2 protein chains.
Amino acid sequence: MTLQPLYPRATWQRTAIMSALENAGTFMSAQDLYERLRSEGARVGLTTVYRTLQSLNDRGEIDVLHVAGKEAAYRRCGTPVHHHHLVCRSCGRAEELESAAVEEWARESAQSHGFTAVTHTVEIYGLCGACASGGD
Amino acid sequence: MTLQPLYPRATWQRTAIMSALENAGTFMSAQDLYERLRSEGARVGLTTVYRTLQSLNDRGEIDVLHVAGKEAAYRRCGTPVHHHHLVCRSCGRAEELESAAVEEWARESAQSHGFTAVTHTVEIYGLCGACASGGD
DNA sequence: ATTGGTTTTGACAATCGTTTTCATCTAAGC
DNA sequence: GCTTAGATGAAAACGATTGTCAAAACCAAT
């Protein structure tokens, strides 16, 4: 028996998508990335962008954000450890946050109500300085 | 000029939807409610359920929850003031939570990074006691 | 009660983000 | 180079939600 490859194959598409996200720094949707890559001349398919983002997220290499009525937005974060975000509603720029107090509160709240297998989502949305003053 | 009615008209559909949610107590999607109402013999349209839930939410009479890949879920909460939820992933049952510390943390985090017009989402997910032991 | 004008309803079509399908292409191991 | 399982992408399928519009219901004023 041959053992399965541990990592997905290295294709230029995957690399392009990853680095586009990397130097964007902001949260971007699959469609955003697709358009950006296209406009840069990269001939990737939308399907591939969706699939790649999904797989990167499954591997924990990027974070997702599901905002109310919007498309899923992905971001390449600076740290692989659990954290939350302060996201600009307008431009997608984000700061990474953490708070032991919040983690503790979540854990205790769940425990005291008899809930197990606990996870949580904590995100803060606002307008960053640049968007609030300058254009939109 | 006659002044506009302050409240939506009282239709039996609106009443039925509201009370179905009310005595469910859990988070339910538009489709869940539609099916339940139908099975009880109420001849409402799916469109109406969607519209009514939206309008009830706009008025702040019910809360919404947008979970990752699922349908929007609504709940009639006990309090009209800002709060968060501890939600059972399996049955939708929820506890209402509040924490001055978390609110303060969110406010300060945003402020210290120059973000304005701040809002946040904080939800805890888990398995409630009943679902963890009993069936699914 | 009846009317009139505005809202609300609901069957159906349309939208939109995302996933599936499947035939073709390609990276990576021999 | 050759093989082949994994990756790609165009197009179709999907599922939740919203738009359309004619018919029905509400309610204030006759």
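We name chains A, B, ... by the order of the sequence lines, and we start the count at 1 in each one. Remember, it's a predicted structure, so these values are computed and weren't measured experimentally.
To the nearest angstrom, C1' of C:dT9 lies 13 Å from OH of B:Y34. Protein atom CE of A:M28 is 18 Å distant from nucleotide atom C1' of C:dT18, rounded to whole Å. The separation between A:R38 atom CZ and D:dG9 atom P is 8 Å, rounded to whole Å. Taking atom NE2 on B:H66 and atom P on D:dA16, their separation rounds to 13 Å, with Å as the unit. Following rounding to the nearest Å, A:E71 (CD) and D:dT17 (P) show an atom-to-atom distance of 16 Å. Distance A:W12 CH2 to D:dT8 P: 9 Å, rounded to the nearest Å. Look at OH on B:Y7: it is 18 Å from C1' on D:dC26, rounded to the nearest Å. The nearest whole Å value for the distance from the CD atom in B:Q54 to the C1' atom in C:dT7 is 16 Å.
The side chain of B:Y50 contributes no N or O atom lying less than 4.0 Å from OP1 or OP2 of D:dT18. The side chain of A:Q13 contributes an N or O atom lying less than 4.0 Å from OP1 or OP2 of D:dG9.
Ion pairing of A:E96 with A:R75 is present here, as a side-chain N (NZ or NE/NH1/NH2) and a carboxylate O approach within less than 4.0 Å.
Summarising the geometry of A:G92 relative to A:V87, their closest heavy-atom pair is O-CG1, 4.0 Å, with the distance given to 0.1 Å. Listed here is the closest heavy atom pair of B:C88 and A:F115: N-CE2, 3.5 Å. The two residues B:I62 and B:N57 make their nearest non-hydrogen contact at O-OD1, 3.0 Å. Here the closest non-hydrogen pair linking B:H120 and A:I124 is CB-CA, 4.0 Å.
Side-chain proximity of A:R9 to D:dT8, D:dA5, C:dT6: nearest is D:dA5. For B:L46, the side-chain atoms get nearest to D:dT17 when compared with the rest of C:dT8, D:dT17, C:dG10. Picking from C:dT9, D:dA7, D:dA16 the nucleotide with the shortest atom distance to the side chain of B:Q31 gives D:dA16.
Checked by distance alone, A:T47 brings a side-chain donor or acceptor within 3.5 Å of a matching partner on the base of D:dA11. No hydrogens or angles were tested; on distance alone, a donor-acceptor pair under 3.5 Å links the side chain of A:R51 to the base of D:dG9.
Among the atoms of the strands shown, none is found under 4.0 Å from any heavy atom of A:A30. Residue contacts shown for B:T11 are limited to sugar-phosphate atoms, with no base heavy atom under 4.0 Å away.
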